[in-house]
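Let me begin by presenting the structure, written as structure tokens, before commenting on it.
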Amino acid sequence: MDYEEAKELIVTSLTKKLKMKSKFYFNDLSKILEMKPREAKKIVNKLVQDGVLEYWSSGSTSMYGLPGTGKQSGAEHED
């Protein structure tokens, strides 16, 4: 699977699940991609660098989501 196919698969899958939740664990993304964690990590990191996904961390939990989604998206950009 090349990068563009992976990108389309991730965006489509996460968009369908947005009504239930907006942030996803790395393991969720690797299952969507049907890849081993090491291979999936390279693609997920590239998606974050390209702005397709955003990285979110509470300090103890790391998650990924589509930019501009979720309960905190409005509060994060306030001055």
Side-chain angles (χ1 to χ4, degrees):
M1 175 182 305
D2 71 352
Y3 174 74
E4 290 301 320
E5 290 173 333
K7 177 179 167 181
E8 185 177 330
L9 182 61
I10 290 286
V11 171
T12 303
S13 298
L14 297 188
T15 303
K16 288 179 184 176
K17 296 178 181 185
L18 274 179
K19 293 180 183 175
M20 292 180 279
K21 62 182 186 176
S22 62
K23 302 285 185 241
F24 300 87
Y25 292 105
F26 173 75
N27 288 340
D28 297 334
L29 300 179
S30 65
K31 286 179 186 175
I32 290 170
L33 292 172
E34 298 177 355
M35 294 180 163
K36 292 182 179 182
R38 182 172 285 185
E39 297 167 4
K41 188 72 170 175
K42 293 176 186 177
I43 290 177
V44 170
N45 284 340
K46 179 80 169 123
L47 291 170
V48 170
Q49 288 175 352
D50 292 347
V52 176
L53 291 178
E54 65 181 2
Y55 176 77
W56 178 87
S57 176
S58 67
S60 61
T61 303
S62 299
M63 301 182 90
Y64 299 87
L66 296 173
T69 60
K71 293 180 183 177
Q72 293 181 330
S73 65
E76 290 176 352
H77 303 292
E78 292 179 358
D79 290 310

Nearest-0.5 Å distance, OG of residue Ser22 to OH of residue Tyr64
15.0 Å
Just by distance, do the side chain of Ser30 and the backbone of Asn27 share a donor-acceptor pair under 3.5 Å?
yes
Just to verify, what does Lys42 make a side-chain contact (heavy atoms from CB on, under 4.5 Å) with, not counting sequence neighbours?
none
May I ask you to test the Leu53-Leu14 pair for a side-chain heavy-atom distance under 4.5 Å?
yes
Does Lys31 have any side-chain contact (heavy atoms from CB on, under 4.5 Å) partners at least two apart in sequence or in another chain, and if so, which?
none
Going by side-chain contact (heavy atoms from CB on, under 4.5 Å), name the residues that satisfy it together with Glu5, two or more places apart in sequence or in a different chain.
Met1, Asp2
Pairwise distance OG1(Thr15) to CG(Leu66) - rounded to 0.5 angstrom:
5.0 Å
The reported gap from CG in Leu18 to NZ in Lys23 (rounded to nearest 0.5 angstrom) is 9.5 Å
So, using side-chain hydrogen bond (donor to acceptor under 3.5 Å, both in side chains) as the criterion, who are the partners of Asp50 when residues are at least two apart?
Tyr3, Lys46
Which atoms form the tightest heavy-atom contact between Pro67 and Val52, and what is the distance?
CD-O, 3.1 Å
My understanding is that only residues two or more places apart in sequence, or in another chain, count here; which of them pass side-chain hydrogen bond (donor to acceptor under 3.5 Å, both in side chains) with Ser62?
Tyr55
In chain order, what residues pass the side-chain contact (heavy atoms from CB on, under 4.5 Å) check against Tyr25, with sequence neighbours excluded?
Asp28, Thr61, Met63
Taking distance alone, no hydrogens or angles, what donor-acceptor pairs closer than 3.5 Å link side-chain atoms of residues 33-40 to residues at least two apart or in another chain?
none

Does Lys7 have any salt bridge (Lys or Arg N to Asp or Glu O under 4.0 Å) partners at least two apart in sequence or in another chain, and if so, which?
none
Among all residues two or more places apart in sequence or in another chain, which pass the side-chain hydrogen bond (donor to acceptor under 3.5 Å, both in side chains) test with Lys17?
none
